[in-house]
Amino acid sequence: MIQRSPSGTADETDLARRVRLMSLERWGERREAVMVGQHESIVALQDRVQRFAQASGPVLITGETGTGKEIFARAIYLLSARAKKPFVSVNCAQYTESQLVASELFGHKRGSFTGAFEEHRGVFSEADGGVVFLDEVGELTLPAQAMLLRVLSEGELVPVGDTRVRTVNVRVIAATNRDLRTLVAQGRFREDLLFRLRYMQLHVPPLRDRGGDWRLMLDYYARRMNADTGQDRRFSERALECLSVYAWPGNVRELRAVVETSHSLCGSGGVIEPDAFEDQLECVAPRPAAAGAPSAAAAPGAAASLVGRMTGGTGTFWDLVYEPFMDRELNRGEVRAVVEEGLRRSNWSYKRALQVFGVGQDDYLKFMDFLRHHRLKPER
């Protein structure tokens, strides 16, 4: 079982620290495998990583863009008996032609197609004995999927333009942010391949579902930036409050970019304020050109009336806005006007607006996801 580090003394589990040090030894800082976090979902995920590393079957890693799926693939590799053999990563989305992706993955014979001037071994032959990581596997063409299925089922491949069967001993770890079952229903992904890939499955949770892990990551990358630049910079309490209510749709990748951008835009005092990142994140609601100006899409009186009912305790956002909108009794412009009025009364903070709207703190992410999904945030 994975052990959490003592609260307040570390930002990673013992296993995560071990993987990070192994990755530094193997690839250097450029490919450091960082798994910062102490949330129970990440601890459980790391436990599965450790168990899967001892197996030999394919692994399918799912999760939203930016959650760090390749990091967990590298962790499985580093903890496995294949760690001294190659680890080859391929982004399947970069290949749109069947022949090109087949050539890249499985090799080709000289003269097999225009431009094939030399024989090419392919990723699977180069990685023999090791691991191939197929990122965005849902983007593979159907012919390439058939060839991949043969590798998984028989350990065999036939290079493009060749007739000879070659055997390979490669473990496949695939990742996707797509729902492969939907792609199967659309005829864009082979069902038999899906069954083979999900022999063992990991789901990397989005950052918004990982409690306080965002803060551990923020501190970790801020320390890294300070060490790399020799400049001591930190986030102010106001900045941290702003970030604490942000849903991080871009997940870990977005958080790291925010740290790096904020560090660069920080003033001479060394304290990072919200103005270094709020336009990028929109975690503080964008203000209209004229403060307090009503939305052009709806009558200001109606919006003020609805907000008044919510602040007066005669209804909540869910009763008075959410349900009518879902039932098409309110349109998008009218809901935006209500949100804008509530934000105006809350000094343009979504967090403070929760009280105005009668929304509990526990429902903040649900509230923000609703606004984002239906494009209901007030425009500039």
Side-chain angles (χ1 to χ4, degrees), residues 31 33-35 37 41-42 44-46 48-49 51-53 55-78 80 87-98 100-102 104-106 122-124 127 130-153 157 170-210 247-256 369 373:
R31 293 291 184 183
V34 177
M35 296 189 294
S41 64
I42 290 300
L45 183 61
Q46 291 177 16
R48 299 193 81 184
V49 163
R51 294 172 186 273
F52 287 179
S56 58
V59 179
L60 177 62
I61 304 177
T62 60
E64 295 178 6
T65 297
T67 50
K69 295 184 287 294
E70 183 169 351
I71 298 298
F72 291 93
R74 290 179 179 274
I76 292 172
Y77 162 75
L78 289 169
S80 75
F87 178 94
V88 182
S89 177
V90 179
N91 186 336
C92 301
Q94 67 182 314
Y95 303 104
T96 57
E97 297 181 8
S98 295
L100 184 59
V101 66
E104 178 65 20
L105 293 180
F106 310 108
V123 164
F124 278 89
V131 170
V132 170
F133 174 63
L134 299 176
D135 196 12
E136 299 189 59
V137 70
E139 307 304 320
L140 275 181
T141 63
L142 287 171
Q145 291 177 33
M147 298 177 77
L148 175 59
L149 180 63
R150 183 172 184 176
V151 172
L152 293 175
S153 303
L157 61 84
V170 173
R171 187 178 193 186
V172 172
I173 303 177
T176 183
N177 60 7
R178 308 283 295 276
D179 184 346
L180 295 184
R181 290 169 298 184
T182 299
L183 296 184
V184 168
Q186 296 171 347
R188 298 168 58 191
F189 201 84
R190 295 179 62 110
E191 186 175 35
D192 48 4
L193 178 57
L194 174 58
F195 291 151
R196 292 292 303 184
L197 284 176
R198 67 180 189 188
Y199 180 77
M200 285 173 275
Q201 190 166 346
L202 296 173
H203 179 72
V204 185
L207 188 54
R208 63 180 174 275
D209 291 343
R210 293 175 52 182
W248 299 108
N251 293 294
V252 179
R253 183 183 297 135
E254 182 185 20
L255 182 144
R256 184 171 183 176
D369 284 344
H373 180 73

side-chain contact (heavy atoms from CB on, under 4.5 Å) between Leu148 and Leu105, intermediate numbers included
CA-CA 9 Å; Leu148 175 59; Leu105 293 180; over 6 Å; no
Tell me, with the steps shown, if Arg190 and Arg196 meet side-chain contact (heavy atoms from CB on, under 4.5 Å). CA-CA 10 Å; Arg190 295 179 62 110; Arg196 292 292 303 184; over 6 Å; no
Q | Leu193 vs Leu152, side-chain contact (heavy atoms from CB on, under 4.5 Å): CA-CA, chis, key distance, verdict | A | CA-CA 9 Å; Leu193 178 57; Leu152 293 175; 3.7 Å; yes
Test Phe189 against Thr176 for side-chain contact (heavy atoms from CB on, under 4.5 Å), laying out the working first.
CA-CA 12 Å; Phe189 201 84; Thr176 183; over 6 Å; no
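With a 4.5 Å cut-off on side-chain heavy atoms, Asn177 and Thr67 do not count as touching. By the 4.5 Å heavy-atom criterion applied to side chains, Phe124 and Val88 are not counted as neighbours. At a threshold of 4.5 Å between non-hydrogen side-chain atoms, the residues Leu78 and Phe87 do not count as touching. Between Arg210 and Val252 the shortest side-chain heavy-atom distance falls below 4.5 Å. The shortest distance between side-chain heavy atoms of His203 and Thr62 falls below 4.5 Å. Looking only at side-chain heavy atoms (C-beta outward), Met147 and Leu157 stay at 4.5 Å or farther from each other.
Met35 CE to Leu45 CG: the interatomic distance, rounded to the nearest 0.5 Å, is 8.5 Å. Rounded to the nearest 0.5 angstrom, Leu197 CG and Asp192 CG are separated by 10.0 Å. Note that CD1 of Ile42 is 10.0 Å distant from CG of Asp209, once rounded to the nearest 0.5 Å. Here the straight-line distance linking atom CD1 of Ile61 with atom CE of Met200 works out to 11.0 Å at 0.5 Å rounding. To the nearest 0.5 Å, the span separating CZ on Arg51 from CD1 on Ile76 amounts to 13.5 Å.
For Gln145 (side chain) and Arg188 (main-chain N/O), a donor-acceptor pair under 3.5 Å exists by modelled atom type. Judged by distance alone, with hydrogens and angles left aside, the side-chain atoms of Arg171 form a donor-acceptor pair with the main-chain N or O of Ala55 at under 3.5 Å. Under the 3.5 Å distance criterion, the side-chain polar atoms of Lys69 are left unmatched by any main-chain donor or acceptor of Val204. In this structure, Arg48 contributes its side chain and Gln201 its backbone to a donor-acceptor pair below 3.5 Å. No side-chain donor-acceptor contact under 3.5 Å links Glu104 to the backbone of Val123. Without hydrogens or angle criteria, Glu136 side chain to Ala93 main chain gives no donor-acceptor distance under 3.5 Å. Looking at Arg178, its side chain never comes within 3.5 Å of a backbone N or O of Leu183 through a donor-acceptor pair.
Smallest separation of non-hydrogen atoms from Val101 and Ala144: CG1-CB, 3.7 Å. Across all their heavy atoms, Asn251 and Leu207 have their closest contact at OD1-N, 2.9 Å. Shown here for Ala127 and Val132, the closest heavy-atom pair between the two residues is CB-CG2, 3.6 Å. Scanning both residues, Leu134 and Cys92, for their nearest heavy atoms gives CB-SG, 3.9 Å. Pairing each heavy atom of Leu202 with each of Phe52, the nearest pair is CD2-CE1, 3.6 Å. Across all their heavy atoms, Ala75 and Val49 have their closest contact at CB-CG1, 3.9 Å.
Other residues, nucleotides and ligands contribute more than 12 heavy atoms inside 6.0 Å of the CZ atom of Arg150.
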